[in-house]
Each structure stands twice: as C-alpha cells, then as structure tokens.
Amino acid sequence: MFATSAMLVRICWRTRRPGAILIVAIIALQIATIGSSAFERVPSLDVGHFADADVAMAVRSAYNLPAWIEGEGAPERIPAEDMAAMIEIEKARLTELMTGLGYLDAEVLVDSKQSPVRLTLLPVTHQRYRVGTIEVVGLHEAELGREMIADIGSIVPSFAGQFATTDLLSRLEESVIFRIAAKHPLARIADRQVVGEPSTGLADITVRIESGPAARFGNVITSGLRRTKTQTLQQFIPFGPRDPYDRGKLDVLRQNLEELGLFSRVRVSADQALDEKGLLPVRVQVTEKPVDIAQLAHSGANGLAVAVLTLFALALRQTAMAGGASSFVVRTASLVSLLTILAFAVLAVQRLPILLI
C-alpha cells in the first residue's frame, strides 16, 4: 500500500495535479460503497467510442492494470484505497500516451454506471492538435553565429502543420541540437512547453536551448589496440589539443582510420563533459582485424612457401618432443622452426609495414 501511494504522489507531482489525491479518495469511496468483495474482476477499459482505430489499439495495448492487479493478488483482497491508487496511476499512464499522440486535452474518466459491481475506465481524446507556432529560445548569434541560426530557422517551418506528437517534437529537438552540437557538443534541451488552443486546434511550441560552452579538443584516448602502436594513429588525427571543437573533424579521423585497412570496427566520439582542464576528450575505440596468413603470403611464392614451412617445422618440433626423440633431433627441429619463424616475420613486416611504425 505504501509503495502504491508513493508512486501516486510522484505522478501527482510530475503532472502537477494535486487534485488527483481527491480523485483517489472519490474512487476509493466508490469501491468501498460497492464493496470490495463484489470486485471479482478488474476494472474494464472502454475504447469502443474511438473514431481512430489505431489510437484505440494503442490505448488498449498499453492498458496494464489487469496484469498489475493480477500480480498483487485476487482483486477482492486488494484494499479499496490501494485499488483506487492503482486506477489513478493507470489513468495517468493512458493520459500521457494519448497526449503524446497529439491529443493534448485527453483524459480518462471512471464510469461506475455501466455495471454496479465493476468500474470502467473511459479514455476521452477530445480533439487532436497540430503544430502552430514554434519558438526556439536561447539561440544567440554571438555564440552560434549567423549561419547556424539561419540553418536552424530554415528547418523549423517544416514541422508546422503536423500533429503535435511526442515523436514529432523529439525529432524537432534532435534536429536543432544536432546542428548546434557541431560546434557546441554539450548543447541540450533545457525545457519544452506545449500549449494547445482549442478554438484553432493548433499548439504553440516553445523549446528552450542551452548551447553550453564553445569547447576545445582535449586528449585523444585510444582503446582496442593490440598490434598497432598508439603513435601510428597520431599522424592521422586532423586536430591538435586546444583546437576549437569541430564535429566534422571527428568524421575525418574515423575515415582516416577506416582507410588504413587495419580495423574491422572504428568508433570515434567526444565525451559528454569537459575534463579538469576545461577541454573535451575524444575517444577512439577500434577492433583490429586478425592476421591472415594467406594475405601475408600474397607477397609472392616465397612467402607462401615460408608460411607452410613454418607450420610444418612447428608441428615437427612438437611431434619430436612428444615422441621422445633424441636431443639432437629436437634441437634440429627447434633450429629449423626458429629460422622459418624469422623468415616469416620478415615477410610479415614487408606486408604490413605500418604495424611497426
């Protein structure tokens, strides 16, 4: 009971609906009046009045109250106040779902008139809003530059007129942040406000941006290297410490490393926070390709012969030692193995010279 009540308080605080506690009391009174023993089945959900079949399906699929009640035990054994709190939490979930689909005035009513022993949740969508005006607050030309602000201004109108769904607003914010983060990697969305006007069916969107500081490059931290030396990668880094941050240079670094042909996977990313020096570290994660003997032997017929002889000599040495051969035979096999390994190493260096830079 205490856990359920705590969840309810959090929802009331998040949705700024202090009246929800009063609603819970009313629902609890309804349940108590009917009698908890009469509730042998969970509250039902009525979406038969929905004009949009897709929305009805989405709400029906999201209805989780039956499974929740089943996890708590038999419905008739759940105290009235706990059942009321669970219903209110479910109402908040379904309301959030419908609001996210553009039904900004959506609500979920509780109907006890359809059945004297069973409550019915009745979701009501009301009208669906489209995006009207869009205002992006926090864009300062002195920080971002006129070109970037103009670029952001050119994409915003494309979102107007579409349904004001959570997905659409998220794509709007991602498009804005993506452009700002090209120079300000710590940019973020500080706030979003959506206000619907019932008379027009349009929603006014306000997005507040915090661009963060204009960062500078810090150290490049590499991981995943096995054979390749760290110094090898340094010559392919297109920026230096304390250079102004530019996301495009991260793409250049990634392309440079991929073109080496040494790695099966290359990932280049900037940290999400500045280091103690106020610089932005860059992390390079690579996965080296395994050494392919056949590729090393492409240097010619001699390379292939040495590769095969190396494997044969190693096998001969192991066989001699396991079979209890004389020390002379073992020493001879070991010497042959050593010589072929050295020859193979020379060919490997010729094939992959960058590994020893």
Side-chain angles (χ1 to χ4, degrees), residues 7 10-17 45-65 67-68 89-109 121-139 144 148-182 184-212 247 269 272:
M7 291 175 65
R10 287 197 297 271
I11 286 183
C12 294
W13 178 261
R14 185 178 71 249
T15 58
R16 292 177 172 82
R17 296 173 58 201
L45 179 72
D46 182 4
V47 294
H49 57 287
F50 275 29
D52 192 322
D54 292 336
V55 176
M57 181 180 298
V59 173
R60 187 183 298 109
S61 300
Y63 186 51
N64 192 49
L65 189 57
W68 189 6
I89 292 173
E90 188 70 0
K91 286 174 55 182
R93 286 184 60 255
L94 297 180
T95 300
E96 184 177 1
L97 169 65
M98 293 185 291
T99 301
L101 294 174
Y103 299 97
L104 305 182
D105 301 326
E107 58 182 336
V108 179
L109 306 177
L121 298 190
L122 188 66
V124 181
T125 58
H126 298 295
Q127 66 177 321
R128 195 177 193 185
Y129 287 81
R130 292 181 180 272
V131 175
T133 63
I134 301 175
E135 181 180 9
V136 182
V137 180
L139 302 179
L144 305 179
M148 181 179 295
I149 292 180
D151 184 27
I152 294 174
S154 68
I155 65 167
V156 167
S158 65
F159 292 89
Q162 302 187 52
F163 288 120
T165 64
T166 299
D167 178 66
L168 179 78
L169 300 182
S170 296
R171 285 191 283 116
L172 166 64
E173 294 171 349
E174 289 171 0
S175 297
V176 173
I177 289 297
F178 178 79
R179 284 161 172 78
I180 298 176
H184 295 254
L186 305 183
R188 69 182 189 91
I189 301 295
D191 187 33
R192 175 209 294 174
Q193 293 183 350
V194 182
V195 180
E197 176 53 53
S199 62
T200 61
L202 297 177
D204 297 328
I205 314 298
T206 302
V207 178
R208 187 165 65 88
I209 304 292
E210 289 184 359
S211 59
R247 185 176 58 207
S269 61
Q272 297 301 308

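Note that these values count all heavy atoms, side chains included, but never hydrogens, waters or copies made by symmetry. What you see is a predicted model, and the numbers here were worked out from it, not measured in a lab.
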Pairwise distance OG(Ser158) to CD1(Ile134) - rounded to 0.5 angstrom: 7.5 Å
Minimum-distance pair of heavy atoms, taken over all atoms of Gly201 and Gln127: CA-OE1, 3.5 Å
His126 versus Asp105, closest heavy-atom pair with distance: CD2-O, 3.0 Å
Side chain to side chain contact (heavy atoms under 4.5 Å, CB included) partner of Leu94, the single match among Val108, Asn64, Val47: Val108
Nearest-0.5 Å distance that lies between atom CG in Leu172 and atom CD in Glu174: 9.5 Å
Pairs involving residues 47-61, ordered by first then second residue, that meet side-chain hydrogen bond (donor to acceptor under 3.5 Å, both in side chains) (sequence neighbours left out): none
Close side-chain approach of Val137 and Val207, heavy atoms under 4.5 Å: no
Least distance between heavy atoms, Leu104 atom then Ala164 atom: CD2-O, 4.4 Å
N/O donor-acceptor pair under 3.5 Å between Arg208 side chain and Gly138 backbone: no
Closest heavy-atom pair and its distance - Ala58, Leu97: O-CD2, 3.7 Å
Distance in Å, Glu107 CD paired with Thr95 OG1, rounded so as to fall on 0.5 Å steps: 7.5 Å
Atom pair CG (Asp204) and OG1 (Thr133), whose distance is rounded to the nearest 0.5 Å: 3.5 Å
Atom of Ala160, atom of Gly132 and distance for their closest heavy-atom approach: CB-O, 3.8 Å
Check against side-chain contact (heavy atoms from CB on, under 4.5 Å), Ile189 and Ile209: CA-CA 5 Å; Ile189 301 295; Ile209 304 292; 3.3 Å; yes
Chi angles and distances behind the side-chain contact (heavy atoms from CB on, under 4.5 Å) call for Leu139, Ile180: CA-CA 9 Å; Leu139 302 179; Ile180 298 176; 3.8 Å; yes
Rounded distance (nearest 0.5 Å) linking atom CZ of Phe163 with atom CG of Leu101: 10.5 Å
Ser211: side chain to side chain donor-acceptor pair (under 3.5 Å) partners, not counting sequence neighbours: Glu143
Ion pair Glu96/Arg93, N-O distance below 4.0 Å: no
Please set out all donor-acceptor pairs under 3.5 angstrom arising from side-chain atoms of residues 192-200, sequence neighbours excluded.
unit_1: Arg192; atom_1: NE; unit_2: Glu173; atom_2: OE2; d: 2.6
unit_1: Arg192; atom_1: NH2; unit_2: Glu173; atom_2: OE1; d: 3.1
unit_1: Arg192; atom_1: NH2; unit_2: Glu173; atom_2: OE2; d: 3.3
unit_1: Glu197; atom_1: OE2; unit_2: Ser199; atom_2: N; d: 3.4
unit_1: Glu197; atom_1: OE2; unit_2: Ser199; atom_2: OG; d: 2.8
unit_1: Thr200; atom_1: OG1; unit_2: Glu197; atom_2: O; d: 3.3
unit_1: Thr200; atom_1: OG1; unit_2: Leu202; atom_2: N; d: 3.3

side-chain contact (heavy atoms from CB on, under 4.5 Å) between Thr125 and Phe50, worked out: CA-CA 8 Å; Thr125 58; Phe50 275 29; 3.7 Å; yes
Value rounded to 0.5 Å, distance of CG in Leu121 from CG in Leu65: 6.5 Å
Audit row: Val124, Tyr103, side-chain contact (heavy atoms from CB on, under 4.5 Å) steps and yes/no: CA-CA 9 Å; Val124 181; Tyr103 299 97; over 6 Å; no
Geometric cation-pi criterion Arg171 and Phe159, 6.0 Å radius, 45° cone: no
